[in-house]
Every structure is written in C-alpha cells, then in structure tokens.
Amino acid sequence: MISSIVSRVKQKQIAQLIAKGIRLDGRKLTDYREIKIEAGIIERAEGSARVLLGKTQVLVGVKIEVGEPFPDVPDQGVLTVNAELVPLASPTFEPGPPDENSIELARVVDRGIRESKAIALEELCIKPGKKVFIIFIDVYVLNHDGNLIDASGLAALAALLNTKMYNYELENDEIVRKPGYTPLPIRNHPVAVTFGKINNQLVVDPWLEEEQVMDARLTITTDKNENICAIQKGGSGYFTTQQILDATKIAKEKAEELRKLVVEP
Amino acid sequence: MISSIVSRVKQKQIAQLIAKGIRLDGRKLTDYREIKIEAGIIERAEGSARVLLGKTQVLVGVKIEVGEPFPDVPDQGVLTVNAELVPLASPTFEPGPPDENSIELARVVDRGIRESKAIALEELCIKPGKKVFIIFIDVYVLNHDGNLIDASGLAALAALLNTKMYNYELENDEIVRKPGYTPLPIRNHPVAVTFGKINNQLVVDPWLEEEQVMDARLTITTDKNENICAIQKGGSGYFTTQQILDATKIAKEKAEELRKLVVEP
Amino acid sequence: MISSIVSRVKQKQIAQLIAKGIRLDGRKLTDYREIKIEAGIIERAEGSARVLLGKTQVLVGVKIEVGEPFPDVPDQGVLTVNAELVPLASPTFEPGPPDENSIELARVVDRGIRESKAIALEELCIKPGKKVFIIFIDVYVLNHDGNLIDASGLAALAALLNTKMYNYELENDEIVRKPGYTPLPIRNHPVAVTFGKINNQLVVDPWLEEEQVMDARLTITTDKNENICAIQKGGSGYFTTQQILDATKIAKEKAEELRKLVVEP
Amino acid sequence: MSKPEKLLDKKGLRLDGRKLDELRPIKMEVGVLNNADGSAYLEQGKNKVLAAVYGPKEVHPKHLALADRAILRCRYHMAPFSVEERKSPAPSRREIELSKVIREALEPAVFLEYYPRTAIDIFIEILQADGGTRCAGITTAALALADAGVPMRDLVVACAAGKVDGKLALDLMDLEDKYGEADVPLAMMPGINAVTLLQMDGSLTLEEFQKAVKMAMEGCKQIYEMQKKALKAKYVAIKEEIQE
Amino acid sequence: MSKPEKLLDKKGLRLDGRKLDELRPIKMEVGVLNNADGSAYLEQGKNKVLAAVYGPKEVHPKHLALADRAILRCRYHMAPFSVEERKSPAPSRREIELSKVIREALEPAVFLEYYPRTAIDIFIEILQADGGTRCAGITTAALALADAGVPMRDLVVACAAGKVDGKLALDLMDLEDKYGEADVPLAMMPGINAVTLLQMDGSLTLEEFQKAVKMAMEGCKQIYEMQKKALKAKYVAIKEEIQE
Amino acid sequence: MSKPEKLLDKKGLRLDGRKLDELRPIKMEVGVLNNADGSAYLEQGKNKVLAAVYGPKEVHPKHLALADRAILRCRYHMAPFSVEERKSPAPSRREIELSKVIREALEPAVFLEYYPRTAIDIFIEILQADGGTRCAGITTAALALADAGVPMRDLVVACAAGKVDGKLALDLMDLEDKYGEADVPLAMMPGINAVTLLQMDGSLTLEEFQKAVKMAMEGCKQIYEMQKKALKAKYVAIKEEIQE
C-alpha cells in the first residue's frame with residue numbers, strides 16, 4: 001500500500017530492524033504501547049471511556065434507548081455498534097457516511113462483544129416482541145496513530161463496564177422511571193489483540209508507521225475464559241498456518257494483560 | 001448515440017443490410033432471437049425464472065411479504081417492481097442506486113403487469129386497511145446483449161406463474177401458517193414486444209449492436225385478450241404515425257408467439 | 001467572494017456610488033425594490049403566495065397533514081419549513097439535496113415564524129401525544145435576483161394568512177371531515193429585513209449585483225409588537241457594534257412598511 | 001379526491017363540462033424568468049407549469065462532453081405543494097422516468113450538432129398538477145427552448161387522449177386519468193409528422209388505440225397554433241419595446 | 001431533562017449558582033491532537049469541544065481552488081453521545097447551518113490571501129453539549145487555527161447572552177437556552193471591534209437586545225484573555241522543552 | 001427458518017445427511033457470461049453464486065490510479081430474492097465489510113504490478129444464499145479472474161469449518177451457521193500454504209480453533225481440485241471448438 005521512494009526507504013528500515021527483533025519506536029515485537037484508560041468522562045452518556053494507546057486516541061460513548069426487538073429474537077435487547085473516523089483524527093479521514101474501514105472497525109468491535117455474550121441482552125427485554133432496550137456503542141476515533149481495533153475494543157469494554165441504566169417499573173406497558181441506577185449486566189470481557197505482519201514477522205499493536213508498511217493484519221479476540229470469540233484478517237497480504245497458530249497463543253497472553261487494565265483498575 | 005468512426009462504419013453496415021431486410025446476425029426484421037425460459041430456479045424465492053434472449057440473460061425473483069396497503073386502495077395487495085442493472089452484466093453498468101435506465105425498465109415491466117391486471121391484487125388483502133401481501137418482483141439483469149425490456153417482461157411473467165403462496169389462517173389478526181401452498185392468482189398474461197428503428201425501418205427484438213445504432217425504440221405490451229395495455233417510446237429519435245400502427249399489429253402477433261413459450265410450456 | 005477583473009471593476013463602481021448614497025439601480029440606501037404579493041395562486045395547496053421583490057420571485061405553498069407530535073411537546077402541532085433553490089431560478093443553483101444555502105434560508109424563515117409564535121401550534125393538536133396537524137411550508141425560489149430571505153419570509157407570511165383548514169370532528173379517534181373551512185390560527189406577523197454591508201455602509205434589500213460584492217449580510221426579523229424575534233449574520237465579513245444597532249432601528253421601520261403590504265392588502 | 005360516480009353526464013359531457021374532443025383552457029407566456037436563457041409558463045386547466053432553459057453552456061465534468069454535439073439534459077420536477085398530498089422534494093422514480101422520456105421527446109427537435117462540447121439544460125417545474133403534466137411540460141419546454149434561441153427542426157407539442165366511461169376523450173384531467181380506462185400521452189413535431197413521445201397505460205383495443213392516437217394528434221395541432229401565437233406575442237412585444 | 005419550575009432563585013442566582021453576568025467555568029488547552037496541524041480542547045461548563053485544523057493544503061478537485069486566496073472549510077459535528085437522546089452521526093440541517101455560520105465567523109479573521117490555491121479545513125467535534133456549543137466551537141477553532149500557525153487579524157472569540165425569567169443573562173446553558181426567552185450568540189475579534197457572528201432567537205425589545213449585545217461582548221472579552229493565556233501556555237511549554 | 005431441535009442426528013449426521021467432514025455438493029462452470037472479461041458460476045449446496053471480472057481497464061477518475069500497479073476493486077452483493085426475507089438492493093454494512101475482506105483475500109494472488117495505472121473489477125452476485133457465501137464468492141471470483149486471463153500466483157479457494165452441537169464440522173450451511181457455536185471461514189492459496197482470509201465468530205478453545213483451521217484447509221484443498229478441473233473443462237471446450 002505504499003509507493004513513494006521515501007516510504008520505501010522507511011519500509012526497508014522498519015523491516016531490517018524487525019528482522020533483529022527491534023521496532024522503530026524501541027518496542028519489542030510483542031510489546032504494546034503505553035495504555036491509558038479514563039472511564040466516565042462524558043456525563044451525558046450512560047457510559048463512556050477514552051483510551052490512549054500511544055498516540056492513538058479513541059472515545060467510546062454508550063447510549064441506551066427504548067425500541068423494538070428484532071423479530072427473530074423478540075425477548076432480547078438490541079446491540080448496535082457504530083464507528084466514526086472523524087476527520088480531525090487523521091488527514092486520511094474524510095467527512096461523509098461510514099466507509100469500508102469504519103464499517104469493518106465497528107463490525108469487529110461488535111463481533112467481540114456479541115460473540116462473547118459480553119452483554120446479557122436477555123435481561124434488556126422490557127416487553128417481549130414490543131419493547132426492549134437498545135444499546136448504542138459509538139466508537140469515536142479522535143487521533144489515528146495505528147491499531148484502531150484494539151484501542152476501540154478496549155474503550156468499548158471500559159465504557160460498557162462504566163454504563164449505568166436507570167431503574168424503572170412498568171405501568172400499563174409504559175416505562176416509569178424510579179430513583180437510582182443499576183450497572184449494565186456485563187458477563188464477559190472480550191479483548192482484541194492485533195498483529196501486523198512485516199518482513200514475514202509478527203508484531204503486536206502495530207502503530208501507524210508500521211501499518212503503512214505491513215503486509216497484512218490479524219486480530220484475535222479472546223474472552224475471559226480464554227476462548228477465541230472473533231478473528232479478522234485484513235490487508236492485502238497473507239499468513240502461514242504457523243503464524244496463525246503462533247498469533248492465537250500470543251493473543252491469549254496479551255489479552256490477559258490488557259483485560260486487567262480495564263476490569264480491575 | 002454513437003460518435004466514433006468505427007461505430008459509424010458499423011452503423012452504416014447495419015443500416016445497409018436492414019434496407020435489404022437482413023440483419024447483422026442473420027435474422028429477419030421481425031424475428032426474435034432464440035428464447036429459453038427456466039422457471040423455479042431460485043428455491044428461496046416464492047417464484048423465479050431466468051430468461052435467455054439470445055445472449056441477454058435476465059433473472060427474476062418474486063418475494064412475498066406482509067405489509068400495509070396504500071391508503072387509497074385499502075383492500076388490495078401491493079405490487080412493487082424493481083430492476084437492478086448489476087455491473088457484472090455489462091461494462092456500461094455502474095454500481096450504485098438505480099439510474100434512469102433501470103428505473104424505466106422497472107416501470108415499463110410494472111406497467112404491463114399492473115395495467116393488464118395480471119395479478120388479482122384484491123385477493124391479496126389480509127385485513128382491509130391494515131395488512132396485505134406485498135409482491136416484490138426483482139428484475140436482475142445478468143448479461144446485457146440488448147432488449148432488456150422484453151426479456152425482463154417475459155421473466156417476470158414466468159416467475160409470477162411459478163409463484164407459490166403459503167396457506168394461512170387469521171387468528172386474532174395474526175397470520176398463522178397452514179400446511180401447503182397455493183399459486184399466486186394470475187389473471188392475465190402481458191407480453192412486451194420491442195422495436196428498434198434503424199434507417200427508418202422497424203426491427204423486432206433489437207440486440208446490443210442494433211441498440212447502439214438505432215434512432216428510437218418502441219415497446220408495445222399486449223395482453224391475452226389482444227388489448228394493448230402499455231406502450232413506451234424511448235431513444236432520441238421519432239416514429240411516424242404509420243410506423244406506430246404497423247408496430248401495434250406486429251406486436252400483437254409476436255406477443256402471441258412469446259406468450260405460448262411462457263404460459264403453456 | 002469575487003475574483004475576476006470585471007467583477008472588481010463593478011465592485012468598485014458599486015462601492016463608489018454607495019459612498020455617495022446612491023445604488024446602481026437608482027435606489028436610496030434604505031429603499032426596497034418594488035414588491036408585488038399575490039396570495040392563493042395554488043388552489044391545490046391549503047395556502048399559497050407568490051412574492052415579486054424586484055426580479056426576485058418566490059412561491060410559497062402551505063400543506064397540512066396529520067401526523068405525530070414531537071415527544072417533548074405532545075400537545076402542539078408541528079411546523080416544518082423547507083426551501084428549494086430549484087435550478088430554473090439561477091445558473092448557480094444545482095439539482096440535488098438541499099445545500100447549506102437552502103438550509104440556511106429555510107431555517108431563517110422558520111425561526112421568524114417559530115420564535116414570534118406566529119402560528120398557534122397549541123390549537124393544532126388533535127389528540128395529545130398521538131395526532132396533530134403538521135404544517136409544511138415549502139419555499140420555492142423561482143428567480144434569484146438577490147435577498148431571498150426577505151422575499152421568502154414575506155411569501156411565507158402571506159401564504160400562512162391565506163391558509164385554510166378543513167373543519168373536522170373526531171369520531172373514535174378518527175378525523176371525520178365536516179363542511180367548511182377555518183383560517184389557520186395566525187397570531188403574529190414576523191417580517192425579515194436584510195442588510196448588505198458594502199464599502200462599510202449598510203444597504204437595505206441587496207439585489208444580486210450587490211450580493212456579489214458585499215462583505216456581509218445581516219437579517220433582522222421583528223414582530224408586530226416591534227420585538228426582535230430572529231437575527232442572522234451571513235457572509236465572510238463583519239459588522240461593528242454601531243452598525244448592528246443602526247440596523248435594528250432601520251429594520252423596525254422597514255418591517256412596519258412591509259407588514260402592511262401583507263397583512264392589510 | 002374520491003372517485004366520482006360517473007365521468008360523463010347524460011349529455012356525454014365531462015366533469016368540467018367539456019365535450020369529448022375538447023381541450024382544457026390553455027394559457028401560455030414566453031420569457032417569464034430573468035436568469036434563464038429561455039423560459040415559458042403554461043396553464044392547461046389547473047395545471048401550472050414553468051420551464052427554463054440554460055445553455056448551450058460548458059459541461060462539468062468535462063469528460064461528459066461530446067465531441068460532435070451538445071448533450072441535452074432535462075429535469076421534470078413537482079413542487080411539494082403541487083399535488084393533493086405533499087410530495088417530498090427528492091426526485092421520485094416517476095419523476096426520473098418522466099425526465100428521461102421528456103428529454104427524448106424534445107431531443108429529436110434540437111440541432112444538437114450545432115453546439116459540440118456543450119450542454120443544454122431544461123428544467124420543468126410543475127407548480128400545480130391536474131393530469132397530463134408530462135405533456136404540459138413538453139409543450140412548455142419547447143417554448144422555453146425557442147425563447148432561448150436554440151435552433152429546432154420544429155416545435156414539439158404534446159397532448160394526451162384516453163378513454164373514460166367507455167368513450168375516447170381528449171386531454172384527460174386528473175380524475176379522468178385516475179378513474180378512466182386508458183391514457184395515451186403523445187408528443188410530436190406537427191410540421192414533419194414525427195411522434196417523439198408515446199406512452200400508454202390502461203386497456204385499449206387496436207382500433208381504439210388508433211383512434212386515440214389520431215385524437216391526441218388533433219389536440220397537438222391545436223396547441224401547436226397557440227405555441228406559435230405565444231412566441232409571436234413575445235417578439236411583437238420586444239419589437240414594440242425597441243421601437244418605443 | 002424536564003422543565004424546571006424557575007430558572008432563577010430568590011437571590012437571582014441561576015440553576016448552577018451563577019450570577020446573571022457570570023461565565024461558566026472554562027478550561028482550554030492548545031495542541032492536544034497529534035495528526036492535526038493545529039488543535040485545541042475546551043470545556044465550558046459541561047460543554048466539551050475539540051477542534052482541529054488541517055492546512056493550508058492542496059484542494060481536490062482542483063477546480064474548486066481559488067486563484068487569489070485559500071478556501072476555508074468548516075464542519076461542526078456532534079458526537080452521537082453528546083446529547084440526551086442519541087444523535088445520528090449523519091449531519092443534521094442544524095449542523096449544516098452551524099457549519100456555515102461558524103465558517104463565516106472565522107473567515108474575517110484569516111489572511112486567506114496568503115495561501116492562494118489551497119484549502120484550510122476546520123473540524124469541530126462536540127463531545128458533550130450543554131448549550132452554547134456554536135460559540136464554544138468558534139472559540140476552540142480560533143485556538144486551533146492559531147496553533148496551526150495560520151496568520152490571523154485577531155483571535156475570534158464567541159459567547160452568548162440571553163434572557164431567562166425576564167432577566168438578561170450571560171453564557172446560557174442548555175436548560176436556560178431551552179426554557180429561556182431569548183438567546184443571542186455573538187462572535188467577535190475584540191482587538192478590532194468586529195462582530196463576525198450574530199444570531200438571535202426568542203423575543204427581545206430593541207433596548208434589551210442592545211444590552212444583550214453588550215453583555216455578550218463583555219463575555220467575549222473575558223474569554224479572549226483566557227485564549228491568549230492558553231496559547232502562551234503552549235509556547236512556554238514548547239520553549240521549556242527546547243531548553244531542556 | 002425456525003431453530004431445529006438438533007443439528008446432528010443420533011448417527012452424528014447433519015441436517016442434510018452429510019458427515020461432519022463432508023463438503024456440500026459443488027458444481028462449477030467457467031466462462032458463463034458474455035460481456036465480462038472473465039466469469040464463473042458456482043453452486044455449493046443451495047448457494048448459487050455468479051462472479052465476473054472486468055479489466056485490467058482504465059481508471060476513472062484518473063487520480064485514483066497507481067503508478068506502479070493495478071488497483072483491485074471488489075463488490076460482493078446479494079440479490080434481493082437470495083434470502084428468506086427480501087433484502088434491499090442497497091449495499092448493507094455486512095456486504096461492505098465482506099467486499100473488503102474478499103478483495104483482501106484475492107489481492108495476494110494477483111500480480112497487480114503487471115498492470116500499472118489500471119483497475120481490475122470483481123463483481124460477485126449471490127443469487128441464492130445458504131451459508132458460507134463469502135467463501136463461495138471467493139472460490140468463484142478466483143475462477144473468474146483466471147478466466148479473464150489475469151496472472152495469479154495461485155488460485156484462491158475458500159471454505160469454512162465450524163462447530164455444531166459440540167462437534168467440529170466442515171462447510172456449514174445456513175442453519176448450522178445460525179444455530180451452531182462457531183464459524184471459521186478461511187481462504188488460501190493451497191500451492192503456497194498462504195491463508196488470505198481468516199475470520200471467526202462464536203466460541204472455540206485454542207485447540208478447537210486449531211482443528212477447525214486444519215479442517216477448513218482440507219476442505220479448501222478438495223475444492224481447489226474442482227477449480228482446476230472446471231478451468232480445464234473450459235479450455236478443453238475452447239480447444240474442441242477451435243479444432244472443429
């Protein structure tokens with residue numbers, strides 16, 4: 001994905017370093033950049049969190065509304081994940097409707113949460129077939145310095161853990177708010193770990209400079225029971241079978257480290 | 001509609017042949033290309049048919065859903081025709097929302113079916129003003145080699161004749177499916193016959209090469225009672241009164257031939 | 001907003017004249033162009049009016065439909081203002097969805113009507129929380145020769161004063177029409193007065209040639225009680241505090257003159 | 001508007017008192033808008049139609065331009081308040097189809113080859129609709145093209161015939177169109193007997209269709225005379241203005 | 001948020017305890033984003049606003065570029081979670097209007113003629129909204145422009161005044177905006193007494209309006225001092241970094 | 001389709017009678033469309049998939065072209081009648097994501113550098129869907145690319161494995177995908193052991209995942225042989241045609 005001469009020079013430099021097990025920013029191949037997580041920073045939202053992953057910055061807000069369930073699961077709440085690559089985050093982001101990159105980002109974050117059954121959607125039914133709670137998770141990328149998937153996944157999990165629902169009772173099928181709040185029922189903690197393949201080697205948490213030269217991307221999301229719940233390969237290159245198996249093992253370990261930052265801070 | 005020198009040569013050649021009553025592909029002026037009709041090839045659809053008209057290939061699927069009637073005809077089912085000129089069918093088709101060509105195609109097919117009262121829409125009412133069946137006819141052009149209107153019209157008719165509705169009973173205003181299926185109530189058999197005007201002569205079933213050089217297009221749809229139910233002139237040329245009257249007579253004869261291919265195969 | 005040499009010459013000429021208190025079309029700085037108002041010219045609409053402001057021509061139609069109220073004002077009718085800069089009105093108007101200019105125009109007209117409480121929306125409730133009347137005001141610009149805001153505002157007011165609603169009774173929550181019509185309940189008469197700033201001087205009712213060279217635009221809408229109900233600054237220049245205060249005073253006087261043309265014709 | 005019991009009375013007259021072969025009252029005016037290169041306004045019964053022409057002018061983006069002639073573009077559009085139920089201003093599928101057939105009805109008349117690499121834009125706005133607006137739009141647009149000085153083989157003029165309560169009738173209005181048995185809109189260049197638009201919906205025998213075409217053509221010829229008069233009126237007015 | 005009984009208490013204090021002529025607490029930071037050429041973050045009460053500037057940069061498509069100056073583009077956008085009811089991320093009509101008036105509020109300050117044939121993009125994201133976001137957006141965007149090194153006549157600063165429970169009040173928050181009697185947002189370049197944005201809705205007498213304008217300007221001047229301090233803080237920080 | 005009680009019967013056979021490691025019946029045909037530069041048709045169980053390739057061809061607008069290689073574009077699209085509930089023909093978010101991952105699954109195989117400044121378009125139409133359409137789409141598109149004469153490192157072939165009723169199973173159909181425990185679609189170039197698409201959803205232990213990958217690869221290899229046979233069949237047919 002890179003054509004200019006300058007980039008080729010940098011590409012070569014990055015690749016040569018990685019062959020020696022070193023990265024341009026000094027990290028080891030399986031090191032994450034520094035991570036900061038701040039939860040609850042948007043008071044208007046039912047839940048929110050900001051994650052700084054190096055210079056990558058993602059804000060996630062959770063809103064809860066009342067709406068209709070899907071006809072095939074009439075007794076479950078609805079989960080909706082949306083991602084906005086807002087143009088202040090990168091010179092390559094354009095205003096306009098979501099493109100394939102923001103749709104892929106949203107769907108990978110969605111898959112991790114949905115497949116690990118992180119939210120107890122069956123507890124979000126108000127009146128079967130008629131009224132359920134809709135959970136809107138909005139991923140807002142504020143600065144793009146690589147590995148948006150892991151940062152967004154972490155921010156989404158932190159925001160969900162921070163989400164409060166108002167108490168209510170049903171009177172004549174209408175919701176009547178009662179005093180107090182309850183946490184959103186969260187049952188699992190999916191964490192995504194993303195690899196870049198550069199010069200035929202895997203690096204964890206690729207930053208922007210690495211993303212620009214890497215051949216392919218592999219994201220492995222594992223849950224708190226160490227099961228894999230979602231995978232996504234991206235980029236115009238490929239992986240060998242061995243690389244995939246290696247990645248799953250590293251992902252499990254790394255996810256455990258990251259999970260601690262969110263769940264027990 | 002043609003500018004380059006090469007095209008002008010072909011235009012001249014086609015025109016000269018037609019002046020002698022011959023066409024580039026050997027047909028006579030009122031001959032259709034070979035027609036093949038296969039019904040029921042998409043099992044997921046309530047009805048379907050594929051028509052090969054020479055190398056033009058059109059697939060039509062019929063889906064039936066439950067929805068609301070139009071306020072001005074509360075006791076009738078709803079008919080919706082849509083046409084997609086999917087980009088695999090021609091280098092001139094672009095992905096994106098329907099353009100004027102696909103909208104015109106859909107509306108001409110729609111008009112033939114609607115104006116001939118081919119579907120007994122009054123039998124598709126479930127609960128007046130509230131619930132009716134909606135018939136979706138989706139025209140899918142797979143290869144464009146000219147005369148999409150006639151091919152689409154034939155495929156739509158074949159698909160409708162092939163359409164099955166599930167049996168049901170109403171219990172508390174809710175539909176409860178019962179075993180078995182009934183054919184969609186089809187009352188008439190509209191058939192479109194399209195003419196191209198080349199070198200001031202009419203040819204039936206113009207193929208792509210002819211469409212590229214013809215001055216104008218005239219489609220006449222007749223029903224099984226030999227009444228005319230829809231007409232559409234297209235293209236940037238004109239017709240004389242005599243040409244129009246000639247065309248209606250030929251259309252009646254040709255439609256009868258084509259109708260036999262669909263209705264009594 | 002002007003780059004070519006020709007335009008700069010005209011800009012200079014307009015500016016020099018204005019320095020002497022004269023305008024290119026002979027008007028004084030606070031003169032409006034000739035105004036013609038015709039109400040009721042679209043019989044299909046519940047209300048309508050056409051305003052000619054010099055060569056600027058705006059047609060407004062009012063349609064009334066039944067719909068749902070906004071959840072936060074369940075007992076009020078709904079007001080919707082839309083403006084179309086249809087491409088026959090100017091070589092600079094393009095077909096397509098509303099752009100920022102037509103949206104601003106609609107919203108400024110809307111603000112005048114809404115903030116002055118011109119329509120008694122609380123009288124347009126049919127069944128609280130369920131059914132109310134929706135008032136659609138469609139501003140249709142037919143010829144653009146400058147100052148669309150004032151012309152559109154006048155046409156909207158004239159159309160509202162001309163609007164008739166059918167009589168009805170509620171039977172089982174359904175509307176049943178009764179003979180006769182009642183005027184729409186209009187309680188106030190907002191009038192917009194727009195200024196252009198050219199060569200640091202204010203001119204009233206700028207026409208197209210002036211709009212093309214003016215630095216900034218200021219619209220002040222006052223109601224029949226001489227209160228200000230809406231203001232909008234536009235254009236890439238600025239105003240001094242004194243200019244703003246001067247403008248409010250002139251606006252009050254001019255609005256009174258214009259109001260008479262609409263309200264007591 | 002609900003369905004009337006009958007579309008023809010005992011004397012065979014229509015809901016608005018017209019005879020079967022009678023046109024609605026028609027009013028035309030040429031040169032009614034300032035910015036457009038050409039424009040016209042038409043009332044036909046309750047139809048109120050405005051048309052404007054811009055061009056020949058440059059084409060953007062340039063690769064759409066044709067080396068040997070102008071491209072003709074056309075937009076038929078209904079005002080939201082032009083019909084019984086408010087119409088969304090976004091173009092409907094019907095409007096997109098009509099824009100196409102109207103363009104193809106006008107195109108045979110225009111000498112596009114005189115203006116290579118340019119575009120000519122036709123904008124038709126239906127301010128009030130009462131049946132037959134595509135025909136009214138064509139008639140009005142042809143006047144606007146002439147007003148813009150675009151060279152044409154002939155004026156294009158349009159009119160529909162149809163069938164109501166079993167009888168053929170000229171120039172259907174909305175109720176007749178909606179509750180009648182058939183509608184045949186037709187456009188032509190009367191000077192050279194060229195039919196440039198023909199559509200039909202409903203149900204007609206071959207013989208009825210033949211008669212309906214003839215009836216529509218007769219209507220076209222009457223309107224054609226009015227078109228020529230309207231154009232003359234404008235040029236007389238200009239002449240007087242110059243001589244004053 | 002339902003309607004409060006009163007917007008002012010017996011002492012004439014506001015719902016959040018402010019006096020009538022008192023600004024909300026304001027916090028500003030310059031240079032908060034890495035990829036943007038300039039950026040700033042502002043909190044004003046519960047408003048949280050981020051602004052970024054990209055440019056001057058090439059214009060695509062090229063025919064939009066101007067031969068004698070840069071084009072200024074501006075997008076005001078609200079995060080879906082910034083308001084009580086989730087907002088669709090597609091731009092609303094309100095956001096499109098505000099993008100326009102904010103651009104026109106900033107444009108008088110920028111020496112666009114220094115950068116012909118380029119574009120300068122301003123992106124404003126409202127992360128949390130509590131009334132007065134257009135003003136907060138302008139104040140933040142001006143800092144981002146300065147941070148990007150775009151030459152300006154003066155900083156632009158904005159603040160609203162309005163009327164609540166019959167009294168004029170400075171810097172309305174959401175409840176006051178919604179249930180008050182009038183709102184007058186105003187932007188200016190204080191150094192040259194130039195008002196670059198002025199809007200109003202509600203109902204004010206001429207005299208009240210005059211006072212509201214004066215009050216808003218006083219607010220602007222206070223915020224202007226904070227802007228200058230925030231810019232200085234950034235450059236002091238840079239200087240220290242260099243000297244280390 | 002409502003949820004079946006069980007996905008496996010007592011003998012461990014699946015709803016359609018297959019064994020756990022058994023592919024659905026597959027039929028392929030190359031060169032089925034006339035206008036496309038290359039095309040193929042595939043049936044896999046009830047899936048019916050058509051793919052077409054246009055290119056290498058000129059890029060519009062030109063600034064999207066790359067100086068050193070072709071750009072590959074891909075559209076995965078479902079016919080409205082391909083699924084139980086009619087699907088709107090406008091591309092869904094799912095279709096946009098799949099178009100991207102399918103393009104990225106095919107891209108490693110194509111020698112894009114042979115055709116600088118051009119575009120190669122791949123269009124995949126799902127005429128009927130029964131689970132595993134992204135894999136079927138890749139398999140079909142690879143054939144269409146070969147049919148178009150686009151030079152490739154190897155054919156790309158795709159197949160999914162998954163988990164149903166606690167057992168790993170090959171090539172899931174719709175009901176198994178919907179009500180099973182996991183799905184692992186995988187694409188590869190078998191000749192060089194390169195995995196070009198890998199996705200997963202559901203829940204698998206590391207060990208299960210490892211087995212599922214192996215199972216999917218075995219499936220790929222079987223389908224790869226069919227691909228080669230289908231290509232050969234086409235060229236034999238051409239050869240015979242020429243010799244006749």
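So you know, we letter chains A, B, ... as the sequences are listed, proteins then strands, and number each from 1.
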Part of [X] within contact of chain F (heavy atom distance under 4.5 Å):
X       : answer
K117(A) : neither
L218(A) : side chain
E226(A) : backbone
I228(A) : both
D72(A)  : side chain
D110(A) : neither

Notebook entry, point to check: Between A105(F), G202(F), A194(F), P108(F), which residue shows the highest count of heavy-atom pairs closer than 4.5 Å to chain A?
Noted result: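 The residue among A105(F), G202(F), A194(F), P108(F) with the greatest pair count is G202(F).
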Notebook entry, point to check: Among V213(F), I96(F), L72(F), L112(F), which residue forms the greatest number of heavy-atom pairs with chain A at distances under 4.5 Å?
Noted result: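 Heavy-atom pair counts peak at I96(F).
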Could you check whether any side-chain N or O of [X] sits under 3.5 Å from a backbone N or O of [Y], counting only pairs where one atom can act as donor and the other as acceptor?
X       : Y       : value
K233(A) : G237(A) : yes
D223(A) : N225(A) : yes
E115(A) : G112(A) : no

Margin query: Would you say that Y140(A) contacts V58(A) through its side chain, given a criterion of any heavy-atom pair below 4.5 Å between the two side chains?
Written below: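 In short, these two side chains do not touch, never coming nearer than 4.5 Å.
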Note to self: Within the 4.5 Å heavy-atom criterion, are W207(A) and D145(A) side-chain neighbours or not?
What the structure shows: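 Yes, their side chains come closer than 4.5 Å.
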Margin query: Is M217(F) in contact with chain A via its backbone, its side chain, both, or neither, using a 4.5 Å heavy-atom distance?
Written below: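 Side chain only.
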Notebook entry, point to check: Given a strict heavy-atom distance threshold of 4.5 Å, which part of L198(F) is in contact with chain A: side chain, backbone, both, or neither?
Noted result: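 Both the backbone and the side chain of L198(F) come within 4.5 Å of chain A.
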Margin query: Looking only at heavy atoms and a cut-off of under 4.5 Å, which of A251(A), C229(A), P98(A) has the most pairs with chain F?
Written below: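 Greatest number of close heavy-atom pairs with chain F: C229(A).
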Next item on the list: Give a yes-or-no answer on whether the side chains of N147(A) and D205(A) include a donor-acceptor pair shorter than 3.5 Å.
Entry: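 Side-chain D/A pair, N147(A) to D205(A): present.
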Next item on the list: May I ask you to decide whether E208(F) forms a salt bridge with K163(F), counting only side-chain N to carboxylate O separations under 4.0 Å?
Entry: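 Result for this pair is yes, salt bridge flagged.
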Note to self: I want to know whether H144(A) and F93(A) have ring centres closer than 6.0 Å.
What the structure shows: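 So the answer is yes for these two rings.
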